[in-house]
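Below is one structure, written out as structure tokens; comments come after it.
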Number of protein chains: 2
Amino acid sequence: MTDEQLAGIAKALAHPARVRIVRLLAAQSECRGHDVFAGLPLAQSTISQHLRVLKSAGVISAHAVGTSMVYCLSKPVLEEFLNALGGIASDAAICDPGQGDDR
Amino acid sequence: MTDEQLAGIAKALAHPARVRIVRLLAAQSECRGHDVFAGLPLAQSTISQHLRVLKSAGVISAHAVGTSMVYCLSKPVLEEFLNALGGIASDAAICDPGQGDDR
DNA sequence: ATCGTCAATCGTAGATGAACGATACACAGG
DNA sequence: CCTGTGTATCGTTCATCTACGATTGACGAT
């Protein structure tokens with residue numbers, strides 16, 4: 001996963017409202033648009049924008065059911081992100097500030 | 001971990017240059033400032049700003065050694081972030097778009 | 001004391017983001 | 001046909017981000 005892709009997913013998650021949306025979608029198997037709009041203290045248009053950001057990043061998907069929308073968390077995308085970042089983190093050595101007196 | 005905290009870490013990672021920095025720090029046990037400045041095609045002041053963002057979010061730490069700086073990845077912070085997000089992801093049910101014909 | 005190095009900060013310009021109300025559009029029901 | 005519901009999009013305003021050059025400050029070396 002490139003830096004750009006990684007940063008792209010991170011950017012999609014870089015707002016509390018969007019994290020909240022992700023949580024909502026993870027908690028409910030039925031993830032209707034109405035529930036999302038009701039679950040946040042924001043204007044409908046603002047939430048719709050946040051949904052668009054998440055969808056563009058591939059973090060969620062959307063499909064119409066009857067007259068309304070159903071949003072779903074894209075588990076694979078989230079897991080790829082976590083794996084990529086986890087791979088970086090596990091490479092990291094412990095940094096020991098104590099050895100500063102190298103004179 | 002609150003939505004704000006989660007979004008805060010994500011925001012710190014929401015730029016390719018900062019992802020690159022994180023990778024650099026993970027790859028080297030010696031993470032000197034000079035190496036970071038040399039590792040990115042950006043002005044020194046810009047990179048310093050990115051380092052500040054990462055440091056504010058707690059993703060990295062910095063300490064002086066002699067006349068220069070040493071930056072370190074904060075593994076615990078990164079891992080807490082990954083765990084929080086992983087917890088959300090593992091809660092998620094598979095969303096099945098096929099059952100849309102619920103009329 | 002002067003110089004060069006390393007890093008942080010300042011000031012600025014342009015791009016992007018966040019929030020809202022208003023509007024548009026598709027569709028279901030009366 | 002008219003109306004209400006559920007979403008998306010538009011246009012705007014204000015805030016934040018990104019990048020840069022210039023400057024500053026600390027330190028070591030000459």
Side-chain angles (χ1 to χ4, degrees), chain A residues 3-4 6-22 24-25 28 30-57 59-72 95 97 100-103, chain B residues 3-4 6-22 24-25 28 30-57 59-72 95 97 100-103:
Chain A
D3 294 349
E4 281 76 15
L6 220 31
I9 309 281
K11 188 187 280 190
L13 299 173
H15 192 288
R18 292 198 288 268
V19 173
R20 176 82 103 109
I21 290 173
V22 168
L24 283 178
L25 298 192
Q28 309 188 355
E30 273 296 285
C31 21
R32 307 201 151 255
H34 176 72
D35 297 336
V36 180
F37 292 146
L40 296 176
L42 292 171
Q44 176 264 327
S45 59
T46 303
I47 296 172
S48 187
Q49 262 182 138
H50 284 307
L51 287 168
R52 165 186 283 286
V53 171
L54 287 168
K55 197 166 53 167
S56 303
V59 176
I60 69 174
S61 63
H63 60 103
V65 168
T67 179
S68 59
M69 281 283 156
V70 171
Y71 301 97
C72 305
C95 206
D101 46 62
D102 57 322
R103 50 98 192 60
Chain B
D3 294 349
E4 281 76 15
L6 219 33
I9 309 279
K11 188 187 281 191
L13 299 172
H15 192 287
R18 292 196 290 267
V19 173
R20 175 83 103 111
I21 291 173
V22 168
L24 283 178
L25 298 192
Q28 310 189 353
E30 275 295 286
C31 20
R32 305 202 152 255
H34 176 73
D35 298 336
V36 181
F37 291 146
L40 296 177
L42 292 171
Q44 176 265 327
S45 60
T46 304
I47 296 172
S48 186
Q49 260 183 138
H50 284 307
L51 287 168
R52 167 184 282 286
V53 171
L54 287 168
K55 199 166 53 167
S56 303
V59 176
I60 70 174
S61 63
H63 61 102
V65 167
T67 179
S68 58
M69 281 282 153
V70 171
Y71 302 97
C72 305
C95 206
D101 45 63
D102 57 325
R103 51 87 197 73

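Small disclaimer: the values here were computed from a predicted structure and weren't measured. Naming: A, B, ... by sequence-line order, numbering from 1 per chain.
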Nucleotide by nucleotide, nucleotides 13-30 of chain D touches protein heavy atoms under 4.0 Å in the pattern (B base, S sugar-phosphate only, - none) ----SSBBBB--------

Touch check for B:Ser48, heavy atoms < 4.0 angstrom, all strands: base, sugar-phosphate only, or nothing? base

From CG of A:Leu51 over to P of C:dA19, roughly how many Å is that when rounded to an integer? 13 Å

Length of the CZ-C1' vector between A:Arg20 and C:dA19, whole Å: 17 Å

Residue pair B:Met69, B:Val36: steps toward the side-chain contact (heavy atoms from CB on, under 4.5 Å) verdict: CA-CA 10 Å; B:Met69 281 282 153; B:Val36 181; over 6 Å; no

Hey, does the side chain of B:Arg18 reach the backbone of B:Ala12 with a donor-acceptor pair shorter than 3.5 angstrom? yes

Rounding to a whole Å, what distance do you find between A:His34:NE2 and D:dG4:C1'? 15 Å

Distance check needed: C:dA7 C1' versus B:Ile47 CD1, whole Å only. 12 Å

For B:Cys31 and B:Leu25, which heavy atoms make the closest approach, and how far apart are they? CB-CD2, 3.4 Å

Expressed as a whole number of angstroms, how long is the span from A:Leu54:CG to D:dT7:P? 16 Å

I need the CG-P distance between A:Asp35 and D:dT7, as an integer number of Å. 9 Å

Using side-chain heavy atoms (C-beta onward) and a distance below 4.5 Å, is A:Leu6 in contact with B:Leu13? no

Any heavy-atom pair between the side chains of B:Ile21 and B:Leu51 that's under 4.5 Å? yes

Could you give the CZ-to-P distance, from B:Phe37 to C:dT5, as a whole number of Å? 15 Å

B:Gly33 versus B:Tyr71, closest heavy-atom pair with distance: CA-CE1, 3.5 Å

Check whether any side-chain nitrogen or oxygen of B:Tyr71 sits under 4.0 Å from OP1 or OP2 of C:dA8, and answer yes or no. yes

